[in-house]
Amino acid sequence: MFFSKVTCLPDLNRLEIPEKQRVIAVRDEQIFADLLNRHRSIADREGGAEIGDYVLVEAVDARGNSRIIHIELGGKRFAEYEKALIGCKAGQEIEAVINGGKTFLKVRSVRMPIEYPLTDASIAALALPGIATLNDYRKAFLSEHGTEIADRVFRALQSRLLDQVLSMTEMELDKRDADRFNDQQLTMLKNIQGDADARIMKAYGDDGKRTREEAYQQFYEENKRTCSVVILGKALAEHDGTEPTEEQYGQFKEYFCLIFNKTDEQIEQEGLREDVLQSYWLQYGIGKLRTYYRSLVQFTVKGLGTVSLDR
């Protein structure tokens, strides 16, 4: 059982989230990237090869050994080849120094990408369900990917936001809970990694600048913070009258048994239900914060202006 108590839940409306972290610019490059990739075509280049073109060459070294190479100019994979091939034309033969050796390059073909035009007419021509204009496509993209984009930003902000939330929470964190949680995390490391000491030193030893005791203390402080989030998540769930379904509890219990080498019978005999639910409460606390963040998110999109995630 937990000994810690939450005497006052945090008011999420008091969170300080700068506008630039709430208003997310979604550019056309991102919105139309998949469509452009699917409908891109290529054609022979009449003039000299340019960055972005595809050049097919036969490379023959000084010994007469040859190989065929397909090179995307600007792709940086064949930097030395690219220097010699900028401006080349199909059928041209070029002498170059590659990897310190003389190489003859026989240009088989030079092809350029043809981008699909982004116009209302070209979008309409695709006959996509419910989409006839560029703005229709932008709206559909946000509808499908808006939550994913917001959650990606949230993950970058999560640690800082949790610090704010914990600072606003009136909580009596009992040392017995923090110690037990830390011991569990150490046991988990031993069961999964084997050499927990090496793992902790790698993660918290600061490349040998910290002593073993300092690294373990850092490990403890991080677990203490996570334990606080668990306690908060438990209090929030109880406040909301929310409990996991039997299916959810079964999934958490299966994970707990796997990690800590316990059986279902041991869970019941040793009274470990709350230990099993730690993952649920941790997710619940973070989930409440994520849901609140989503309610604030707005997107700025060309042609649409500012759009709310929950529009």
Subject >> Donor-acceptor pair, side chain of S167 and main chain of Q164, under 3.5 angstrom >> reply: yes
**OP:** Look at the aromatic rings of F256 and F260 and report parallel, tilted or perpendicular, splitting at 30° and 60°.
**Re:** tilted
**OP:** Would you indicate whether E270, at its atom CD, is surrounded by more than 12 heavy atoms from other residues, nucleotides or ligands within a distance under 6.0 Å?
**Re:** yes
Original post:
Checking side-chain hydrogen bond (donor to acceptor under 3.5 Å, both in side chains) against Q184, which of D275, N223, D179 comes through?
Top reply: D275
Subject >> Residues, nucleotides or ligands: over 12 heavy atoms within 6.0 Å of E254 CD >> reply: no
**OP:** Take Y249 and E243, measure what side chain to side chain contact (heavy atoms under 4.5 Å, CB included) needs, and give me the verdict at the end.
**Re:** CA-CA 9 Å; Y249 179 72; E243 293 184 354; over 6 Å; no
Subject >> Flag side-chain contact, heavy atom, 4.5 Å: H70 against Y54 >> reply: yes
Original post:
Are any of the side-chain heavy atoms of L232 and P10 separated by less than 4.5 Å?
Top reply: yes
Original post:
Yes or no on side-chain hydrogen bond (donor to acceptor under 3.5 Å, both in side chains) for Q217 and E221, after CA distance, side-chain angles and deciding distance?
Top reply: CA-CA 6 Å; Q217 183 60 36; E221 293 300 326; 2.7 Å; yes
**OP:** Describe, in one word, how the ring planes of H39 and Y116 are oriented to each other, choosing from parallel (under 30°), tilted (30 to 60°) and perpendicular (over 60°).
**Re:** tilted
**OP:** Measure from the side-chain N and O atoms of Y292 to the backbone N and O of L12, and report whether any donor-acceptor pair falls under 3.5 Å.
**Re:** yes
Original post:
Is R199 close enough and on-axis enough to F219, meaning under 6.0 Å and within 45°, for cation-pi?
Top reply: no
**OP:** Return the set of residues passing side-chain hydrogen bond (donor to acceptor under 3.5 Å, both in side chains) with T300 (not counting sequence neighbours), or none when no residue passes.
**Re:** none
**OP:** Please answer whether the main-chain N or O of L309 pairs with a side-chain N or O of R294 as donor and acceptor at a distance below 3.5 Å.
**Re:** no
